[in-house]
Amino acid sequence: MKRWIARAGWAVLGLVLAVLIGLMVWEPLAAGKSTAPDTDRTYEAEIVRSEFGVPHIYGETDADVAYGVAIAHSEDDFFTLQDVIAMSRGRYGAIAGEEGAQVDFAYHLLDARGTAERHYSALPADTRALFEAYATGLNQYADEHPAQIKLANLFPVNGQDVAAGFALRQPFFFGLGNTIGPLVSGDPLPREFGPAIPGYAPSDDAEPIMDRSGEDQVARALPIHMGEDGAMAGSNAWAIAPDKSGDGVTRLVSNSHQPWRGGVAWYEMVVQSNEGWHYAGANFPGSPFPFLGHNENLGWTNTVNRPDMTDIYRLEVDEAGENYRLDGKWIPLEQRSFTLPVKMGPLVLPVRQTVYRSAHGPVIRNDDGYFAIRYGGMDNLGQLDAYYRLNKAETLEEWETILARMDIPSTNFIYGDREGNIGYVYNAAIPDRPKGPNWRGILPGDDSSLIWKDVVEYSAIPKVVNPSSGWVYNANNQPYSAAGPADDIDPESVPAEMGVELKMTNRARRAEELMNRAGRIDRLTLERIKYDTGYVRADYVDTMLNSVALLDVTDDPELLEGQRLLAEWDLSSDGVGQGDAIALLMVRPWMSAEYQNKALPDAREELQRSVDHLITHFGRLDPPMSELLRLRQGDVDLPLDGGSDTLRASTLWDVDDDGRLSVRHGDSFLMFVEWERGKRVRSQSIQPYGAATTRPDSPHYADQAPLFVRKELKPVHFWRVDALKNAAHRKTVTNK
């Protein structure tokens, strides 16, 4: 009997071990391998690295350069590139666990792979050649560095794999995740940022997301704009005409606010081919070309905008959940099941999920029913070609013609060029909605007339070109403040159906104030504006200060002292005032509520939290802010200024064990571009860390940090002669 029990025990143990081993190895086997690009083309590129490790990539053809971009970026951050490739193949959960599985669910829900399969072959041949070359570079690096690969069967990849990542990521820049998340969980939907539709009261709109302080956010540094980092995405941008600059120079300032690590962190480069591609700027991991920066003749930068790009339809579905009603007929509801890989320790759990699709678009099922989503830019892969063409545009007219295709679904553009032209474009592939329905609410799904087919034309979207003021700006604000009172767009000229946002960030209010005040905006004035740390006492800042002032905290000496410091705060995060540290802690929750249309925080709770933090870690309520706010990367530990929603942005941070706030999101890639009459374009740039943010052994892991905290810039060696003169390393790479 004992022997039988022992044998049974060993059998059970063997079965358990077999299951565990299966859970460790099933995912790569089930995923299978993709295929390498179907080409035997030979690529060759020269990579010249500057004194700061920034790659300058040269090639005979544009495709040679794209191949070199993949090699250079892999040398600096292959770790993050793998996350992006895993996301592009629906396998990110096998790396990042539950948070990665959320990205994979979106990949299947939005049919990112299907979009790539349907439209990739229709792209121009030279654009596809760019993506195939880039994939070849990734594959080569993976082959040559197998020890760095963190997920089996992730390589090889091809251009279509890379394109699928574009199809997935772009809708999240205009906030699609703010729709998907609540629909999946069954929570109330966020209010739109645009105006109410005439005839419908704002109260008819969806309810605000409830404040969920204390709940975990979606993981940070994801390769997609989701969670807290996505919700807090922002940027500043300026362009100054030569007459306004006072010295005849056209200036463009790119001041993006992105996470400092991960799949939507900027990577700087200069590219040049003998086919006319010559551009300095930055991209996100997974792209063969820069998304912003400048060429010899013109340049642009982007800021996130938040138009109403998404419409939601409530479907009437039969009891079996197999058909939905449309125009009085029952139509089969498309269903597709798949397995999400969810990493938990050494195991990867298979989780079965089902997504649905109707004539409207993706469908989400929750406890309240079935809801279809339709959004601007859906099932469009044209952005891959549009960004490439913008890189090579030579005139304002050519640049606008490309943008007018409406292939880039969202983001504001701020523009400048060598001819002295400047402009602001509220770029967005906004649905072309007919008047009548309440597009801010949930629409009936049984009426096909509500399924719009097209987006508004370029001529209809807000824009300002060459204003009399001589300047344009944007800080993630409504387009009706862009160029000064004499040139700003009249809100009444934009139909409510377009859902153009009406909000002003604190940064925008401050920029508007400083720009209107300046008689001449020369280089020094522009730098002072960009690095400004002031707040305007308006909106949520005013609400926060008033809420704290009204508290009765006479029973608690520490809260009373905190209240006093905030009452006397100088509305600046420059690190000079006594109240700067506690104000830094207090502003962020209100900014978060404002940015996400959440319920406002409780003033006493937030004051108590801030007071407790400072007393616990500093023993006082008024430590120098520079001791609290830090830039940390490896052994580098430097003081920072700025705050959440200041022009000098230190937006989000992690709280380290010693109570210091380690900034992870804020001023990121910063570039000043100048065109002076009779001279070649020149530019300067800076990043918070360096060119190799995931390579601690690299000298460029954090070598830009000291300059960044001192508000200094480094030269961009746009011209090859300068790049070679300042080269720290030079080599040729090829796939021969």
Side-chain angles (χ1 to χ4, degrees), residues 234-257 292 299-305 411-417 420-426 462-491 500-539 541 571-574 641-643 645-649 666-667 670-675 684 711 713:
S235 297
N236 305 324
W238 294 268
I240 312 298
D243 290 343
K244 187 67 173 181
S245 69
D247 54 8
V249 177
T250 305
R251 290 189 172 88
L252 173 69
V253 178
S254 176
N255 178 207
S256 181
H257 302 162
L292 48 76
W300 73 87
T301 187
N302 301 108
T303 64
V304 172
N305 56 6
T411 71
N412 296 302
F413 279 78
I414 298 287
Y415 171 95
D417 68 25
N421 297 303
I422 63 171
Y424 160 71
V425 179
Y426 187 86
K463 64 182 73 65
V464 178
V465 178
N466 292 328
S468 62
S469 66
W471 55 266
V472 291
Y473 90 99
N474 188 263
N476 308 115
N477 54 285
Q478 61 179 358
Y480 311 120
S481 172
D487 300 280
D488 280 336
I489 302 160
D490 180 3
V500 172
E501 65 214 70
L502 297 176
K503 289 204 171 189
M504 290 287 285
T505 59
N506 191 84
R507 288 175 288 113
R509 292 192 182 280
R510 183 65 172 164
E512 182 183 55
E513 177 183 280
L514 295 173
M515 299 290 281
N516 281 315
R517 185 190 303 167
R520 185 177 75 170
I521 305 179
D522 57 15
R523 174 64 182 259
L524 289 178
T525 302
L526 190 54
E527 287 181 0
R528 283 196 295 269
I529 292 172
K530 184 272 146 299
Y531 287 113
D532 182 80
T533 57
Y535 285 93
V536 177
R537 184 155 182 166
D539 296 334
V541 176
L571 290 175
S572 176
S573 57
D574 57 5
D641 60 355
D645 207 11
T646 56
L647 293 170
R648 167 58 156 178
D667 274 6
L670 173 60
M671 175 180 268
F672 275 68
V673 189
E674 297 179 318
W675 287 273
Q684 295 171 290
K711 304 180 178 69
L713 304 171

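Residue numbers run from 1 in the order of the sequence given. Every value quoted in this text rests on a predicted model; they were computed, and no experiment measured them. Only heavy atoms go into these numbers, but all of them, side chains included; no hydrogens, no water, no symmetry mates.
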Would a 4.5 Å heavy-atom cut-off, applied to side chains only, mark Y531 and L670 as touching?
yes
Going from OH on Y426 to CZ on F413, what distance comes out if it is rounded to the nearest 0.5 angstrom?
13.5 Å
Does the side chain of E512 come within less than 4.5 Å of V536's, by heavy atoms?
no
Qualifying residues under side chain to side chain donor-acceptor pair (under 3.5 Å), relative to R648, sequence neighbours excluded:
D641, D667
Mind listing the closest non-hydrogen atom pair of G484 and N516 along with its distance?
CA-OD1, 3.8 Å
Does E513 come within less than 4.0 Å of R517, counting only side-chain N to carboxylate O?
yes
side-chain hydrogen bond (donor to acceptor under 3.5 Å, both in side chains) evaluation trace for S572 with T533:
CA-CA 5 Å; S572 176; T533 57; 3.0 Å; yes
Under a 4.5 Å cut-off applied to non-hydrogen side-chain atoms, are P242 and V249 in contact?
no
Quick check: does any side chain N or O of N421 sit under 3.5 Å from a backbone N or O of G416, one acting as donor and the other as acceptor?
no
For a salt bridge (charged side-chain N to carboxylate O under 4.0 Å, His left out) check, start with the C-alpha distance between D645 and R510, then their side-chain angles and the critical distance, and finish with the verdict.
CA-CA 10 Å; D645 207 11; R510 183 65 172 164; over 6 Å; no
Counting only N and O atoms by type, is there a donor-acceptor contact under 3.5 Å from the side chain of R507 to the main-chain atoms of G234?
no
State which residue, out of T505, N477, T411, N474, fulfils the side chain to side chain donor-acceptor pair (under 3.5 Å) condition with T303.
N474
Under 3.5 Å, is there a donor-acceptor pair between the side chain of N236 and the main chain of S256?
no
Under 4.0 Å between a side-chain nitrogen and a carboxylate oxygen: does that hold for R523 and E674?
yes
If we only count heavy atoms from C-beta on, is the F672 to E527 side-chain gap below 4.5 Å?
yes
Between atom CH2 of W238 and atom OG of S254, what is the distance when rounded to the nearest 0.5 Å?
10.0 Å
Please examine the side chains of V472 and I414, heavy atoms only from C-beta on, and report whether any two atoms are closer than 4.5 Å.
yes
Scanning both residues in full, the closest heavy-atom pair of P467 with V464 reads CB-CG1, 3.7 Å
Out of curiosity, T525 OG1 to K244 NZ, how far, rounded to the nearest 0.5 Å?
10.0 Å
Assess whether side-chain hydrogen bond (donor to acceptor under 3.5 Å, both in side chains) is satisfied between T301 and Y415, documenting all intermediate values.
CA-CA 7 Å; T301 187; Y415 171 95; over 6 Å; no
Distance, nearest 0.5 Å, that separates CD1 of I240 from CD1 of I422:
6.5 Å
Could you pull out the closest heavy-atom pair between S469 and A483, with the gap in Å?
OG-O, 2.6 Å
Nearest heavy atoms of S245 and R251, plus distance in Å
CB-NH1, 3.5 Å
Output every pair passing salt bridge (charged side-chain N to carboxylate O under 4.0 Å, His left out) with a member in residues 475-490, not counting sequence neighbours, ordered by first then second residue.
none
Start with the C-alpha gap between D532 and L514, add the side-chain angles, then the distance that decides, and say whether side-chain contact (heavy atoms from CB on, under 4.5 Å) holds.
CA-CA 9 Å; D532 182 80; L514 295 173; 3.8 Å; yes
Okay, side chain of K530, backbone of L647: is any donor-acceptor separation there less than 3.5 Å?
yes
Of all heavy-atom pairs linking L252 and A239, the shortest is CD1-CB, 4.2 Å
d(Y480 OH, M504 CE) to nearest 0.5 Å is 12.5 Å
Closest non-hydrogen contact found for S573 with G643 is OG-N, 3.5 Å
When rounded to the nearest 0.5 Å, the distance separating NE2 of H257 from CG of N476 is 7.5 Å
Quick one: are L526 and V253 in side-chain contact, heavy atoms under 4.5 Å?
yes
Audit row: Y424, N412, side-chain hydrogen bond (donor to acceptor under 3.5 Å, both in side chains) steps and yes/no
CA-CA 7 Å; Y424 160 71; N412 296 302; 3.1 Å; yes
V500/Q478 under side-chain contact (heavy atoms from CB on, under 4.5 Å): CA gap, chis, key distance, verdict:
CA-CA 7 Å; V500 172; Q478 61 179 358; 5.9 Å; no
